[in-house]
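Computed from a prediction, not measured in an experiment: that's the story for all the values here.
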Amino acid sequence: MHLLSRRRVPLISLVSLLSLALALVRPVASYVSADGTVVIPGASSYNGLNLVPQMGWDNWNAFGCDVNETLVLRTAERMVRYGLRDLGYRYVVLDDCWSVGRNETGFLVENPKTFPHGMKYVADTIHSLGLKFGMYSSAGVFTCGRYPGSLGNEQKDADYFASVGADYLKYDNCFNQGQSGTAQISFNRYNVMSQALNRTGRPIVYSLCNWGDDNPYDWAYTISNSGRMSGDVYDSFNRPDSRCPCTEAIGCAWPGFHCSVMNILNKMASIQSRTMSGYFNDMDMLEVGNGGQSDNEYVVHFSMWAMNASPLLIGTNVLTLSPANLAIYSNPAVIALNQDPSATAAVRKWRYFVDPDETGEGEIALWTRSLNNTDQVVALLNAANTSMMMNATMNDIFLDPRTAGAYQAPPQLSETWDVYDLWANRMSNAEAGAIINGTAMNLTANTNSTLTRYNATATSYAQGLLNNDTALLGLKVGSIAPGGTWSAMIPRHSVGLYRLRQRESKVVRRKDEL
Ligand code: GAL
């Protein structure tokens with residue numbers, strides 16, 4: 001077992017502090033540097049990390065407290081073998097229930113039965129696979145699973161996380177001793193760990209998990225890299241649940257849990273402008289693969305999380321992943337939306353309540369998003385009970401209702417746009433099955449030439465987009481001329497997800513410059 005009390009706690013590294021300071025003051029421009037780093041204008045990351053949303057795996061949704069070293073390390077190996085690491089899923093996050101208490105000097109101690117080689121061994125092994133390691137604690141006296149929390153022990157715990165080699169901390173909200181209720185109180189409590197992590201000198205992505213309490217999207221970007229904006233996700237498409245009472249994010253007094261995909265998605269509508277490079281609204285871990293939703297519903301879930309720049313954390317058992325679910329997690333054209341250097345979330349342009357299903361819920365909606373290279377995303381979402389012919393006019397797609405009438409018409413309205421279907425090249429079950437069986441072609445090579453695979457370790461998404469890599473574009477299915485309308489038949493509980501690209505490469509003003 002790793003005993004931290006016998007080690008020297010790392011002192012602040014002057015070098016890393018200096019480089020952090022430089023990263024924060026360096027004037028930024030929009031480009032991809034030679035080493036593939038994406039540099040984003042206006043990036044506001046408090047610690048220079050997480051300029052695009054974090055991706056990875058977290059055990060909680062599928063395993064709860066049933067965690068151990070073997071599960072974590074076998075999952076990490078499998079993520080490499082299935083090409084998930086190279087698609088960008090880099091963080092392997094160990095959630096709650098890993099510790100047995102504190103040692104005589106007050107440092108956290110991992111459970112020797114479930115983590116017999118100690119946590120540093122876990123981190124080292126994960127690093128040797130080219131992945132990063134995430135850990136969990138709570139800004140309370142206990143974690144939600146009633147293991148020791150970090151409130152009052154922030155620096156010791158941050159030093160522990162740094163000493164074992166953690167690259168990421170998910171920081172929960174249970175047993176907070178009543179230190180919540182106003183933004184200032186919550187900010188102060190979460191800021192103690194933020195400062196403590198910085199003092200370790202180790203780059204550690206700081207992921208807040210206070211379920212949207214006290215509106216973290218208004219303050220957490222100054223001290224963290226992402227913040228949960230809702231109560232816990234549940235593996236249900238749209239089932240209402242009294243344990244998740246809020247339908248809006250802002251001012252939600254009881255975030256609760258058992259929140260459906262549609263409940264969390266619609267909460268994003270009011271806070272989309274509070275997503276930014278370095279701080280992402282975390283819609284919670286993905287349920288794709290856990291069995292509670294249809295294939296179409298999981299496609300909606302994955303698409304809308306990607307579209308809204310939520311962290312993408314696989315929340316299922318990777319060791320038993322089906323070909324269909326691997327194909328959803330592996331769609332590079334959809335992941336490229338999530339990893340777009342714009343770091344923006346989507347706008348819900350319209351929403352109509354129609355045709356409810358057996359849960360009593362039924363709606364259709366249009367979501368759009370402006371991307372960094374002036375491409376535009378359109379999501380026609382049918383959460384009603386039957387197939388719908390859905391339409392998006394040019395005005396729907398490009399006119400921002402907030403500025404309508406106040407400014408001249410957006411120049412995008414007078415252009416012709418080619419439309420690419422982002423799910424058209426979804427990997428077949430046969431191909432995904434071959435990856436799972438180990439009979440597919442080598443995934444570690446740069447396989448970017450195919451339509452279904454992408455290796456972001458070799459070529460970043462930002463660079464791939466500059467290269468017009470076909471795997472990131474989907475399939476061209478039509479175009480929209482000025483004054484036109486995009487129409488598509490969308491099945492029940494499904495989404496039509498399209499990337500629109502200007503036919504001529506004239507430079508137009510971005511929407512946020514209007
Ligand atoms: C919840 C959190 C979950 C999971 C769980 C662990 O509060 O939202 O994502 O971390 O605690 O007990």
Exceeds 12 heavy-atom contacts within 6.0 angstrom, atom NZ of Lys267: yes
Distance-minimising heavy-atom pair for Leu51 and Ser45: CD2-CB, 3.7 Å
Polar contact flag, side-chain donor to acceptor under 3.5 angstrom, Thr457-Asp86: yes
From CA spacing to verdict: side-chain contact (heavy atoms from CB on, under 4.5 Å), Leu129, Glu77: CA-CA 7 Å; Leu129 292 167; Glu77 283 164 19; 4.0 Å; yes
CZ-CE distance between Arg199 and Met193, expressed to the nearest 0.5 angstrom: 10.5 Å
Nearest heavy atoms of Tyr121 and Glu69, plus distance in Å: CE2-OE2, 3.7 Å
Test item: Glu110 side-chain N/O and Met119 main-chain N/O as donor-acceptor pair under 3.5 Å: yes
Any donor-acceptor pair under 3.5 Å from Thr459 side chain to Gln463 backbone: no
Interatomic spacing from CD in Gln54 to CG in Asn338 - rounded to 0.5 Å: 9.0 Å
Side chain His127, main chain Ala123, donor-acceptor under 3.5 Å: yes
Beyond-backbone contact of Arg453 with Glu431, side-chain heavy atoms, under 4.5 angstrom: yes
Side-chain touch Leu286/Thr316, heavy atoms, less than 4.5 angstrom: no
Separation of Thr222 OG1 from Asn191 CG (nearest 0.5 Å): 7.0 Å
Main-chain N/O of Gly165 paired to Arg202 side chain as donor or acceptor, under 3.5 Å: yes
Short side-chain donor-acceptor distance under 3.5 Å, Glu287 and Asn290: yes
Note, Trp423 side chain near Ser303 side chain (heavy atom, < 4.5 Å): yes
Spacing of Asp95 atom CG and Cys65 atom SG [to the nearest 0.5 Å]: 8.5 Å
Heavy-atom pair of closest approach, residues Leu422 and Val334: O-CG2, 4.0 Å
CG on Leu313 to CG on Asn61, rounded to 0.5 Å: 9.5 Å
Aromatic ring pairing Tyr206/Tyr46, orientation class (parallel under 30°, perpendicular over 60°, tilted between): tilted
Heavy-atom side-chain contact between Val67 and Thr114 under 4.5 Å: no
Qualifying disulfide bond (SG atoms under 2.5 Å apart) pairs with a residue from residues 316-346, counting only residues at least two apart or across chains: none
Minimum-distance pair of heavy atoms, taken over all atoms of Ser186 and Gly181: OG-N, 4.5 Å
Contact summary for Arg369 and Ala306, nearest pair of heavy atoms: NH1-O, 3.4 Å
Heavy-atom side-chain contact between Pro148 and Leu108 under 4.5 Å: yes
Main-chain N/O of Phe257 paired with Trp211 side-chain donor or acceptor, under 3.5 Å: no
Donor on one side chain, acceptor on other, Ser342 and Asp340, under 3.5 Å: yes
Working for side chain to side chain donor-acceptor pair (under 3.5 Å), residues Arg189 and Ser180: CA-CA 8 Å; Arg189 180 163 50 93; Ser180 66; 4.9 Å; no
Minimum-distance pair of heavy atoms, taken over all atoms of Tyr89 and Ile335: OH-CD1, 3.9 Å
Check against side-chain contact (heavy atoms from CB on, under 4.5 Å), Val233 and Cys259: CA-CA 5 Å; Val233 66; Cys259 300; 5.6 Å; no
Distance-only side-chain donor-acceptor flag, Asn198 / Asn47, under 3.5 Å: no
Test item: Leu94 and Asn59 side chains (from C-beta on) under 4.5 Å apart, heavy atoms: yes
Flag, side chain of Ser230 to backbone of Ile264, donor-acceptor distance under 3.5 Å: no
Any donor-acceptor N or O pair under 3.5 Å, side chains Tyr298, Asp235: yes
Derivation and outcome, side-chain contact (heavy atoms from CB on, under 4.5 Å), residues Val261 and Glu297: CA-CA 9 Å; Val261 162; Glu297 291 168 343; over 6 Å; no
Heavy-atom check, side chain of Met55 versus side chain of Gln339, under 4.5 Å: yes
Over 12 foreign heavy atoms within 6.0 Å of CZ, Phe142: no
Test item: side-chain donor near acceptor, Asp172 and Tyr136, under 3.5 Å: yes
Donor-acceptor pair, side chain of Lys156 and main chain of Thr105, under 3.5 angstrom: yes
Donor-acceptor contact below 3.5 Å, side chain Asp66 vs main chain Phe63: no
Check: Asn281/Thr275 side-chain N/O donor and acceptor closer than 3.5 Å: yes
Side chain proximity check, Phe175 to Ser138, heavy atoms < 4.5 angstrom: no
Sequence-distant partners of Tyr190, ring pair (Phe, Tyr, Trp, His ring centres under 6.0 Å), two or more places apart: Tyr171
Arg102/Asp157 salt bridge by N-O under 4.0 Å criterion: yes
Proximity of Trp98 and Tyr160 rings by center, below 6.0 Å: yes
Donor-acceptor contact present, side-chain Asp96 to main-chain Gly145, <3.5 Å: yes
Rounded distance (nearest 0.5 Å) linking atom CD1 of Ile126 with atom CZ of Arg85: 13.0 Å
Full working for side-chain contact (heavy atoms from CB on, under 4.5 Å) between Trp57 and Leu84: CA-CA 10 Å; Trp57 174 81; Leu84 293 167; over 6 Å; no
Aromatic ring proximity, centroids under 6.0 angstrom, Tyr461 and Tyr454: yes
Residue pair Asn215, Tyr217: steps toward the side chain to side chain donor-acceptor pair (under 3.5 Å) verdict: CA-CA 5 Å; Asn215 302 342; Tyr217 23 80; 3.1 Å; yes
Check: Asn103 side chain, Gly106 main-chain N or O, donor-acceptor pair, under 3.5 Å: yes
Lys/Arg N to Asp/Glu carboxylate O, Arg426 vs Asp295, below 4.0 Å: yes
